Structure formats: C-alpha cells, structure tokens
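Report on the structure given below.
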Amino acid sequence: MKTVFSPLHSRRAVKTELDGGILIAPHEKPSRAETILARVKAQALGEVLEPEEFGLDPVKRVHSEDYVAFLESCWADWIAADKPGEAIPAVWCGRGMRARVPKDIDGRLGYYSFAAETSISDGTWEAARASANVALTAQKLVAGGERAAFALCRPPGHHAHADLFGGYCFFNNAAIVAQAFRDQGAEQVAILDVDFHHGNGTQAIFYDRSDVLTISLHGDPDLVFPHFLGFEDETGEGEGEGFNLNLVYPPGTPYAIWSQGLETACERIAGFRPDALVVALGVDTFEDDPISFFKLRSEDYLSLGRRLGALGLPTVFTMEGGYDVEAIGVNAVNVMQGFDAA
Ligand code: OKS
Ligand code: MG
Ligand code: ZN
C-alpha cells in the first residue's frame, strides 16, 4: 500500500494544550507522524509520496467559506491584536445567546470552535492545508485504481465540523475524501471511524444525507470527549435517517468486545454497497494510550486491518488520533499490513 506524507505537518507545533486547568505540552505532536512514517519505511509497506496541491475547492465542498477564511487569517489576526500567547478560544455562544460572527478575534475563535484544548499558532494553517492535500492525494490514488492508500494526515480531522475546529482537528480530511469520491461520480461512500473518539464532525457533515454512510465506534461520550455528540440514538435525520450509526463502549473494552461492533459496522457497510470506503484511523484505542480507555493490543490492529480488507472495497485510510508515540507506528502500520494480507 502506498503512503502519502507531507513534511509540512511539522508546521503544526503548538506549545500548549489546555488540560486540567493548566497548559501542557500537546499530545498531538509532530513525533506522532514521524514515528508512523519511520515504521512505514522500516516495514517497506510501499512507496511514500508527497501530496499534490489541490487548492481549497475540495476543502470548501465540506467546510464553509467563512470558516476557511477564519483559519487562514486567525494567527495573523491574533498577533495583530497583540496577544502574548497562542490563540485559544475562551468564550462561546452559550444557550440563548446570539450565533452571529463577532469582529474581534476572541469572539471569532469562540464562534468557530467547540472546545478549548486546541491552540492555534504560526504554521497551523499550512499544516492543516497540507494534511487535506495528503488526504486528497490518497483519494486520487484510489480513484485511479489503487486498491487502498494510507493518508498519513497530521493534523487529524474527524472532529472538525463544516465550520468548527476542536479536538486537535481543523479540516475534516475523511469527509473531504468522501465528498471528493462523490464529486467524481461515486454514488455512495461509507466512512468508518475506528478512532477511540466519536467522529462528531464527520457525523454532523453528513447527518442529513443518505449518500454517505457514517459509522463510528468510540468511548461513551457521557464519559469522554467530545461529550455533546456520539450517542447511539443519533441515527441521521431527514434523507439521512438510518445512515449514521454510533457504537458506544465503556472503559476497559478489549478487542474481543470492540470487534463485535466492528463486525456490526462491516456488515452494515457491505449491505450499503458503497463505491468506496474511507477509514478514519485512530489508534488511541490502544491499551497504553495516555488519554483513552479501551484495551486493544498491538496484534489486534492486524485483525482490524484484515477485517477491513475482507470488505474488498477501494479504501482510503486517513490518520486520526493515537498518543502512545512509542507504539503508534507499529499499531497504525499493523492495520495496513493486515489489510494488505486480506
Ligand atoms: C480534553 C481532551 C481532548 C481530547 C481530544 C481528542 C483528540 C482525539 N482534555 N480525537 O480523535 O484523539
Ligand atoms: Mg470513532
Ligand atoms: Zn481520538
């Protein structure tokens, strides 16, 4: 399987993440992508390509024009306002308040976000753009006849809504890929999110549509981020009713249990008969992940890859979460190797 990787991911190198009332060194850090790339090379998974430039049109098929403009100018606007630190949202449109876009950068940071752990600094825009280009290049490979491709995206994407950043995500790479398949003539596309967290952005983007089936397995949002979406009674709305599936698991869930949800998801996907599959791949389901509570082991990622490969669908993997940097390379590449062996 070919991997798409951009060295520009390293432009996303914020110093802060608001956590527990203090600013910590971010979990979502450059060494994550470098460790996965090193494992791709060490295992000779396949060729590693740099992304092509696709411009903003395919991004704007999923994200609003004003949100994209906000992200592009956010850091410059923050600096122009003489702020001493990194850009962190600190005020939101609470219930009963007015959802209009303020002029001031503090107001706009709140308007275009749903959480405060994701700081913005110099280079975030460039890295997020590169990450979308990585995803779109992988999509182009698969649309061109490759069985699968690995988009080694960083920053990740599955939490980003059409006009909201948060959860370390800015552009929803998986959604951009699915929409690109649709725009190129695919009738139906499935997105399977196996990251530990709910793919709230992906769900929201396609919630009223029946052409893109969205499924996510994740930790119970009653207990973990993103807290305000991802429950099992969210099944889609309007045309999209029945085309969103959330499979929620409690603390301590091992592969033996989690894989039952994977089986449910795979059977639903097979019944949907999509023209392409996008896998939002987080490996923060790992037993030693520092911010998560599932108990998958490294060998389980081979099984996961084999099950996905058995679907026999043209498949794009977009990299999402995973914060045990020591194991992230082995775990992510195990999925690809399991897939290739299926
Ligand atoms: C808040 C923790 C924020 C977690 C963000 C989730 C990142 C992730 N203290 N999403 O898939 O891995
Ligand atoms: Mg998930
Ligand atoms: Zn995650």
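On a predicted model such as this, the values are computed, not experimentally measured, just so you know. Counting starts at 1 for both ligands and their atoms, following the listed order.
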What are the atoms of ligand 1, with element, lying closer than 4.0 Å to any heavy atom of [X]?
X: Tyr323; result: 7 (C), 8 (C), 12 (O)
X: Asp19; result: 9 (N)
X: Asp195; result: 10 (N), 11 (O)

Contact with ligand 1 for Gly167, non-hydrogen, under 4.0 angstrom: yes

Ligand 1 contact by His159, heavy-atom criterion under 4.0 angstrom: yes

Any heavy-atom pair between the side chains of [Y] and [X] that's under 4.5 Å?
X: Phe171; Y: Arg129; value: yes
X: Phe170; Y: Thr124; value: yes
X: Ile191; Y: Leu213; value: no

Distance check below 2.8 Å: does [X] bring an N, O or S atom to the Mg ion (ligand 2)?
X: Leu217; value: yes
X: Asp195; value: yes
X: His197; value: yes

Parallel, tilted or perpendicular: ring planes of His198 versus His218, cut at 30 and 60 degrees: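 Taking His218 first and then His198, their aromatic rings sit tilted (interplane angle of 30° to 60°).
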
Heteroatom distance test (His158, ligand 1): nitrogen or oxygen, under 3.5 angstrom: yes

Nitrogen or oxygen of Glu117 less than 3.5 angstrom from that of ligand 1: no

Candidates Tyr168, Phe225, Phe196 - the one meeting ring-ring contact (aromatic ring centres under 6.0 Å, His included) with His159: Phe225

Carboxylate-amine/guanidinium proximity below 4.0 Å for Arg154 and Glu28: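 Yes, this pair counts.
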
Cationic N near anionic O, under 4.0 Å, Lys2 to Glu146: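 Yes.
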
Which atom of Asp193 approaches the Mg ion (ligand 2) most closely (N/O/S): OD1

Atom of Asp284 closest to the Zn ion (ligand 3), considering N, O or S atoms: OD2

Under-4.0 Å heavy-atom contact with ligand 1, by part of Phe196 that carries it: neither

Polar contact flag, side-chain donor to acceptor under 3.5 angstrom, Tyr112-Asp66: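 Present: a donor and an acceptor within the cut-off.
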
Exercise: do Tyr301 and Thr285 side chains pair donor with acceptor under 3.5 Å: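 On atom types as modelled, these side chains qualify, holding a pair under 3.5 Å.
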
With the Zn ion (ligand 3) as the apex, the ND1/OD1 angle for His197 and Asp195 - to 10°: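 With the Zn ion (ligand 3) as the vertex, ND1 (His197) and OD1 (Asp195) sit 100° apart.
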
